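Take a look at the structure set out below.
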Amino acid sequence: MEIAIRDIKGHAGEVVTVKGWLYNRRKSGKVQFLLIRDGTLPIQAVAFLPDLDPASRDALKGLTKESSLEVTGLVNLDERAPGGAEIQVREVRLVHLADPYPIAAKEHGPDFLMDNRHLWIRSLRQSALLTVRAEVIRAAEEFLHEAGYIRFDAPILTPAACEGTTSLFEAHYLYDQKAYLSQSGQLYAEAGAMALKKVYTLGPTFRAEKSKTRRHLTEFWMLEPEIAFAGLDHITRLAEELVSHVVQAVLKRRPTELKTLERETASLEGIAPPFPKITYSDAIEILQKRGSSIAFGQDLGGEDETLLSSQFERPVIVTHYPAEIKAFYMKRDPENPGLAQCLDMLAPEGYGEIIGGSVREDDYGTLSERIEEHQLPRESFEWYLDLRRYGSVPHAGFGMGIERVVAWIAGVKHVRETIPFPRLIHRIYP
RNA sequence: UCCUCGGUAGCUCAGCUGGUAGAGCGGGUGGCUGUUAACCACUAGGUCGGCGGUUCGAGUCCGUCCCGGGGAGCCA
């Protein structure tokens with residue numbers, strides 16, 4: 001019977017078949033220890049050569065790393081085995097003999113690993129990380145679904161920038177038209193919210209930023225809820241509940257993967273609402289007291305974010321940034337028009353901004369002026385202005401960067417490992 | 001775009017004030033009945049990132065270009 005290695009302990013004393021790849025092999029005379037992985041977990045299979053039929057012995061001859069094989073044997077609970085269980089091999093069937101495998105069970109440099117990303121993802125660590133990523137997305141969608149949100153897919157090919165043109169990827173569209181890869185699904189999500197009230201977009205977004213840091217990709221995934229009849233309090237609560245649910249779901253469902261990643265989980269266990277909330281002014285004051293040279297009116301730099309988040313054990317929510325350093329569509333604070341009704345959530349441990357959101361300007365005249373001020377091509381935004389012409393309501397939303405959330409929860413330094421095939425400033429292969 | 005570090009065997013690296021290429025891992029062969037990145041022995045494997053210069057002689061010094069790491073700027 002074929003089983004997933006994850007379930008092996010439930011089959012003690014049974015003869016099972018596992019199908020997978022050879023992760024490593026140790027030989028000691030007539031005994032061979034095969035470490036086999038199947039995408040769920042690795043298992044050690046012990047082959048005693050004199051007990052095997054000639055075909056199986058042949059299969060083991062010259063076996064290389066990452067060769068694919070099917071192993072049938074008796075499941076033993078054995079203290080000597082890593083993980084407590086192993087398979088006593090009865091039959092080995094070679095599916096494909098791999099060429100000598102380039103990735104060794106040794107250290108490698110990032111350039112080499114990234115060139116071999118298509119193979120690197122087979123490593124136990126990378127597989128665990130990508131499993132955590134899948135769980136983050138699943139948990140987030142599950143939470144929003146339970147809360148009555150409708151998934152609303154935004155287009156990836158768009159007619160114009162919703163932000164600065166410097167970070168736009170341009171594409172050729174049909175009949176000599178131009179198209180741009182989406183920097184955010186938000187504007188479309190706003191249209192969705194006017195139709196379905198509570199929606200979210202989920203998908204890849206693209207920014208041609210020449211950023212070379214551990215927190216930036218040129219192609220990254222965002223989850224963007226957008227809610228009609230909502231204000232800053234509403235999205236603040238949603239953000240902290242969403243993030244808490246995702247963290248707890250990963251802790252509950254993927255403990256093995258977190259262990260493989262050697263993630264210290266004590267700090268994650270305490271992630272629950274409410275999160276600390278401070279204003280931008282508070283943040284500047286705290287940072288200046290801690291020795292930062294930041295001045296009021298400047299955006300928080302990477303170091304500032306790390307310094308600020310290190311003051312709290314939970315993600316910290318910073319609100320009311322100066323409107324000048326924020327986007328054109330953000331609604332100003334009625335009590336202080338210099339400030340925007342916005343929020344950023346900074347993850348602990350220096351993982352930076354994982355959420356950015358705001359209340360949207362819902363007044364036609366004001367939004368129209370902002371578009372002029374920012375010298376945006378008005379004709380591209382006519383449909384967006386329509387949302388303020390026909391039944392405009394207060395509404396708000398935010399974007400959550402999937403890769404940064406995964407990096408934080410999994411405890412990996414660089415976001416390039418949190419997506420199967422990262423796109424970076426100097427890398428589009430493989 | 002700027003600062004900084006780097007590019008030598010398939011991989012990770014060493015290579016002194018310039019003198020003609022090294023180790024470990026991986027590969028191959030052989031040995032070993034409990035290995036945990038197994039171990040032991042033998043063995044094959046190199047356009048020292050490219051181009052130009054200085055020199056009797058350049059992996060090493062100089063110039064330039066290319067590629068990458070870390071960071072900054074930039075980045076709802």
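Side chains are part of it too, since the values below use all heavy atoms of this structure and drop only hydrogens, waters and symmetry mates. Here the structure is a predicted model, which means the values were calculated and not measured. Each chain gets a letter, A, B and so on, in the order its sequence line appears, and its residues count up from 1.
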**Item:** Atom P, compared across U12(B) and U8(B): separation rounded to whole Å
**Value:** 8 Å

**Asked** Taking the nucleotide of RNA chain B with the closest heavy atom to each, which residue, G356(A) or D111(A), is nearer the 5' end?
**Response** D111(A)

**Asked** L113(A) CG to C11(B) C1': how many Å, rounded?
**Response** 10 Å

**Prompt:** Using the P atom in both, what is the distance from G27(B) to G10(B), to the nearest Å?
**Reply:** 15 Å

Might you list the N or O atoms of the protein lying below 3.5 Å from N or O atoms in nucleotides 22-33 of chain B, with each pair's distance?
| unit_1 | atom_1 | unit_2 | atom_2 | d |
| --- | --- | --- | --- | --- |
| C32(B) | N3 | G29(A) | N | 3.0 |

**Request:** Just compare G34(B), C74(B), G70(B) and give me whichever is closest to any side-chain atom of Q88(A).
**Result:** G34(B)

**Message:** Please determine whether a side-chain nitrogen of the Lys or Arg among D344(A) and K326(A) lies less than 4.0 Å from a carboxylate oxygen of the Asp or Glu.
**Reply:** yes

**Proximity to the side chain of H216(A) - top-ranked nucleotide from G69(B), U35(B), C74(B)** = C74(B)

**Request:** Output yes when at least one side-chain N/O atom of H108(A) is less than 4.0 Å from OP1 or OP2 of G10(B), else no.
**Result:** no

**Asked** Can you check the M114(A) CE to C11(B) C1' distance for me, whole Å?
**Response** 17 Å

**Asked** Just checking, any donor-acceptor pair under 3.5 angstrom between side chains of T236(A) and D233(A)?
**Response** no

**Whole angstrom value for the distance that separates C1' of C67(B) from CZ of R427(A)** = 10 Å

**Request:** Please report, rounded to the nearest Å, how far the C1' atom of G34(B) is from the CZ atom of F33(A).
**Result:** 4 Å

**Prompt:** Would R388(A) count as a cation-pi partner of Y384(A), with NZ or CZ less than 6.0 Å from the six-membered ring centre and within 45° of the ring normal?
**Reply:** yes

**Request:** In whole angstrom, give the distance that lies between atom NZ of K326(A) and atom P of C75(B).
**Result:** 11 Å

**Message:** With rounding to the closest Å, how many angstrom separate the C1' atoms on C13(B) and C48(B)?
**Reply:** 13 Å

**Request:** Could you tell me whether Q32(A) contacts a base, only the sugar-phosphate backbone, or nothing, with contacts defined as non-hydrogen atoms closer than 4.0 Å?
**Result:** nothing

**Fill in**
In Watson-Crick or G-U wobble terms, with both distances under 3.5 Å, the base opposite U60(B) is none

**Request:** For D299(A), answer base if it contacts any base atom (sugar-phosphate contacts may also be present), sugar-phosphate if it contacts only those atoms, and nothing otherwise; contact means non-hydrogen atoms under 4.0 Å.
**Result:** nothing

**Request:** Could you pull out all residues at least two apart from D362(A) that satisfy side-chain contact (heavy atoms from CB on, under 4.5 Å)?
**Result:** K331(A), S392(A), P394(A), H395(A)

**Prompt:** Can R37(A) and E66(A) be counted as an ion pair, charged N to O under 4.0 angstrom?
**Reply:** yes

**Asked** For atom P, what is the distance between G6(B) and U54(B), given to the nearest Å?
**Response** 27 Å

**Fill in**
Among A37(B), G70(B), G34(B), the one nearest any side-chain atom of Q44(A) is G34(B)

**Asked** Roughly how far apart, to the nearest Å, are C11(B) and C74(B) at atom P?
**Response** 38 Å

**Prompt:** Which base, if any, makes a Watson-Crick or G-U wobble pair with G24(B), both distances under 3.5 Å?
**Reply:** C11(B)

**Complementary nucleotide of C32(B), counting Watson-Crick and G-U pairs under 3.5 Å** = none

**Watson-Crick or G-U wobble partner of G6(B), both distances under 3.5 Å** = C67(B)

**Message:** Please pick, from A37(B), C75(B), G70(B), the nucleotide with the shortest atom-to-atom distance to any side-chain atom of H414(A).
**Reply:** G70(B)

**Asked** With S127(A), which residues qualify under side-chain contact (heavy atoms from CB on, under 4.5 Å), at least two apart?
**Response** none

**Request:** Calculate the interatomic distance between F112(A) atom CZ and C13(B) atom C1'; express it in whole Å.
**Result:** 14 Å

**Item:** Euclidean distance for C1', G68(B) against G50(B) (whole angstrom)
**Value:** 15 Å

**Asked** Does A72(B) have a Watson-Crick or wobble mate here (both distances under 3.5 Å), and if so which one?
**Response** U1(B)

**Request:** Let me know the distance between CZ of F169(A) and P of C75(B), rounded to the nearest Å.
**Result:** 16 Å

**Message:** Using the C1' atom as the point on both nucleotides, what is the distance between G19(B) and G7(B), in whole Å?
**Reply:** 24 Å

**Message:** Tell me the interatomic distance from E305(A), atom CD, to C74(B), atom P, rounded to whole angstroms.
**Reply:** 12 Å

**Asked** Can you tell me if E403(A) uses its side chain to pair, donor with acceptor, with the backbone of W221(A) under 3.5 Å?
**Response** yes

**Message:** Strictly below 4.0 Å, N to O, side chains only: are R389(A) and D386(A) in salt-bridge contact?
**Reply:** yes

**Complete:** The answer to which of M222(A) and R416(A) contacts RNA chain B further toward the 5' end, by nearest nucleotide, is R416(A)

**Message:** Check E417(A) with R117(A), please: is the shortest side-chain N to carboxylate O separation under 4.0 Å?
**Reply:** no

**Prompt:** Which whole number of Å gives the distance between the P atom of U29(B) and that of G18(B)?
**Reply:** 45 Å

